[in-house]
Amino acid sequence: MTHSPTTPPMNADVIIVGCGPSGMAAAVELATAGCSVLVMDMQPAPGGQIFRNLEANTRGRNPGSKSVLAALGPSYRAGVALIERFRACKGIDYRSQTTVWEVRPDGTVGWLRGMEAGYVRAPCVLLAHGAMERPAPFPGWTLPGVMTAGAVQTLLKAGNLKPSGNIVLAGTGPLLLLLATQLCHLGVKPALIGRTDNFSHSLKAMRHLRGGGLSPVIKGVGWLARLKAKGVRTVSGLTHLAAEGARKVEAVSFAAGGRRERLPCDLLIVHDGIVPAIDIPNGAGLALQWDQTNASWRPHTTTDGLATPALPPELEPDHCAIRITGDARRIGGADAAMAHGRLAAQAILAEQGKGSGITPQHRKAVRKALSVRPFLDTAFPPGLSASLPDDATIVCRCEELSAGTLRAKIHAGFNNMDALRGETRCGMGPCQGRNCMVSAARLIMEAHNTSGPVPPTFRGRPPIRPLPLGALASLTGLDPRATELLTLEDKPEHDQEDKAHDPAE
Amino acid sequence: MFSSLSPITHGVTLYLDGQPLAANRGESVAACLLRAGVAYNRLTPVSGTPRLPYCMIGHCFDCLVEIDGVGNQQACLTIVHDGMQVRRQNGAASAVEDPTP
């Protein structure tokens, strides 16, 4: 670690944001090669969402751990070895329950833990912050009792809770079916699984089947067989989903097979696939691209995960310190995330003159793990979010703005993202656009009557997560040499909003 | 809406709007409140409608509560501790503290 009079001191060789499969795999690889690694993660223990609370559950600390482990099966336990290796690595400074509220392309990271906050720096920052469930607005999606499949799985893994009452699952994707089988294992029988995908999607997906990608497919067929054996009712081609109720969900209505139906419901579990979480890359001013197949943005990166700054020239660093890996870069699941985490780590080591370099094996492992994606993408296309919501449906959950309100403002001339945000507060609430951004962009596209790439995101600005004033006032790690040049040139009026992101490669 | 997989054995006690509530050590405030069956974590500042957690991984911000005197804390990201004071948020906070107890 070196520092000249013009550069602030470095806190580590590499900072990793996120401690899921990709972050842990990269950290182990880097630390083993002699790097000092600082890992920051929001959760209390390593594992990410997929291996959430795995350490505590395997040690049987939580009372219901045994039944959780049995229900979640081998894909959950698969994380034990990696977590153990991560814990055993000497060169890793692991900081749990730490929120990242700013990342800069020069390698500066703003963090918050409790009421303490500060900046840390490294010559390389690896973003491994993962994915989120695709936001899918539908009537009633803000009612208490509507939750995502990921939320329910988190409560199983880390809350010792299982759902009860009338449970309906609706949407698409492997996670929806996996969760349904896990619930059945725990003796919880859902009233209905409403799949937005249908037989023609599965048929079309068949041509993407490859030998290497067969095992996830076999797993999926097993889940479906188990659900059938348990007598769980399943419909496919579901549309017009709505949650009904005054102060909580009381019923769910939908259309399937040309018929409208209404069922009593206490818990509506929805899932429309997962997408890369772009909050950190967007806040860091990194280039994003629109991925048409997955109807989502993802960061623009090289195969080795190097990100591309999209800042005004006067703010652009000489060298981009940020790489992105795992589901945050491209959705691929745990195996792909670990494989790419290792590859990204080797790319970083090569830059620092260490390690054995990226081998063909590293690349092959990533390719193999991703080989099932074309099948999954075709079999489970976005469903709940396939069409834009009607005027009465809330799009921005925080500011409670309906699609109708946004459409009216777009027609009145607020037809670029930042103008729409400034006029309506869409994306200005606590979630900072995480749940409404993609819908707002699609509403603008609808008004422009185009089917091309969607407009850019809302411009991200730090702090991208709430930072208490008290913590801000006692910020550590401030360095006058790292003072950022402030400019008004990047205000929306100077922006070329009409310039859409490049389409994905 | 949710029930425990097993009873709480070596738990901690937190206080929800002044009332004691048992929680498993190491769990999130959001999980504890869902077990208790609360009708909402917060009433929205815009229309006063009730919200419960939606995503449970820190993206939706619907689980916001006041914890140990600090408002707008993400209940899904905050781990319970003994004696923790949790208050549900009823609409927008006022700039001046309410003088009535």
TODO: Would you name the heavy atoms of A:G159 and B:A31 that are closest together and state the gap between them?
DONE: CA-CB, 3.9 Å
Which atom pairs, one a donor and one an acceptor, fall under 3.5 Å between side chains of residues 135-143 of chain A and the rest of the protein, sequence neighbours left out?
unit_1 : atom_1 : unit_2 : atom_2 : d
A:W141 : NE1    : A:I394 : O      : 2.8

- [ ] Specify the closest pair of heavy atoms between B:L52 and A:G145, including all atoms of both residues, with the distance to one decimal.
- [x] CD1-N, 4.3 Å
TODO: Side-chain contact test, heavy atoms from C-beta onward, threshold under 4.5 Å: evaluate it for A:P430 versus B:L64 and give yes or no.
DONE: yes
Open item on the list: If I measure from the heavy atoms of chain A, does B:Y54 come under 4.5 Å with its side chain, its backbone, both, or neither?
Closed with: both
Task: Non-hydrogen side-chain atoms of B:M1 and A:K248 separated by less than 4.5 Å - done: no
Open item on the list: For chain A, which candidate among B:S28, B:A39, B:P53, B:A30 shows the most heavy-atom pairs at distances under 4.5 Å?
Closed with: B:P53
Task: Heavy atoms of other groups near B:Q85 CD, more than 12 under 6.0 Å - done: yes
TODO: Evaluate the side-chain proximity of B:L77 to A:Q43: yes if any heavy-atom separation is below 4.5 Å, no if none is.
DONE: yes
Task: Side-chain touch B:T44/A:E399, heavy atoms, less than 4.5 angstrom - done: no
Task: Proximal component of B:Q73, with respect to chain A [non-hydrogen, under 4.5 Å] - done: neither
Open item on the list: Which atoms of B:C76 are under 4.5 Å from chain A, going by heavy atoms: the side chain, the backbone, both sets, or neither?
Closed with: backbone
- [ ] Output the distance between atom CD (A:Q432) and atom NE2 (B:H59), rounded to the nearest 0.5 Å.
- [x] 14.0 Å
TODO: Answer yes or no: is there a donor N or O on one side and an acceptor on the other, between the side chain of A:N160 and the main chain of B:S6, under 3.5 Å?
DONE: yes
Open item on the list: For B:A23, which atoms come within 4.5 Å of any heavy atom of chain A: side chain, backbone, both, or neither?
Closed with: neither
Task: Residues A:L155, B:R35; criterion side-chain contact (heavy atoms from CB on, under 4.5 Å); working and verdict - done: CA-CA 10 Å; A:L155 289 165; B:R35 180 181 309 103; over 6 Å; no
Task: Proximal component of A:I167, with respect to chain B [non-hydrogen, under 4.5 Å] - done: neither
Task: Gap separating the CG atom of B:D62 from the SG atom of A:C431, nearest 0.5 angstrom - done: 8.5 Å
Task: Contacting region of A:V270 [heavy-atom separation from chain B under 4.5 Å] - done: side chain
Task: B:R51 (side chain) donor-acceptor with A:R397 (main chain) under 3.5 angstrom - done: yes
Task: Contacting moiety of A:N435, where chain B heavy atoms sit under 4.5 Å - done: side chain
- [ ] Go through the steps for A:L161 and B:S3 under the test side-chain contact (heavy atoms from CB on, under 4.5 Å), then give the verdict.
- [x] CA-CA 6 Å; A:L161 291 176; B:S3 63; over 6 Å; no
Open item on the list: With chain B as the partner, which of A:P163, A:A277, A:C398, A:P468 has the greatest number of non-hydrogen pairs under 4.5 Å?
Closed with: A:P163
Open item on the list: If you compare all heavy atoms of A:G64 against all heavy atoms of B:L5, which two are closest, and at what distance to 0.1 Å?
Closed with: CA-CB, 4.3 Å
TODO: Look only at the side chain of A:R465 and the backbone of B:G58, and say whether a donor-acceptor pair between them is shorter than 3.5 Å.
DONE: yes
- [ ] For A:R434 and B:F61, indicate whether the former's side chain and the latter's backbone hold a donor-acceptor pair under 3.5 Å.
- [x] no
Task: Minimum-distance pair of heavy atoms, taken over all atoms of B:F2 and A:S164 - done: N-OG, 3.6 Å
Open item on the list: Are A:E133 and B:I57 packed together at the side-chain level, in the sense that at least one heavy-atom pair is separated by less than 4.5 angstrom?
Closed with: no
Task: Which of A:Q49, A:Q153, A:M115 touches chain B most, by non-hydrogen pairs under 4.5 Å - done: A:Q49
TODO: Under 4.5 Å heavy-atom distance to chain B, tell me which part of A:N166 shows up: side chain, backbone, both or neither.
DONE: neither
TODO: Heavy-atom distances under 4.5 Å only: say whether A:A131 touches chain B with side chain, backbone, both or neither.
DONE: backbone
Task: A:E400 vs B:T49 side-chain heavy atoms within contact, under 4.5 Å - done: yes
Task: Proximity breakdown for B:I67 and chain A, heavy-atom pairs closer than 4.5 Å - done: neither
- [ ] Please state whether the side chain, the backbone, both or neither of B:N41 comes within less than 4.5 Å of a heavy atom of chain A.
- [x] neither
Open item on the list: Do B:Q74 and A:M42 have side chains that approach each other closer than 4.5 Å (heavy atoms only, starting at C-beta)?
Closed with: no
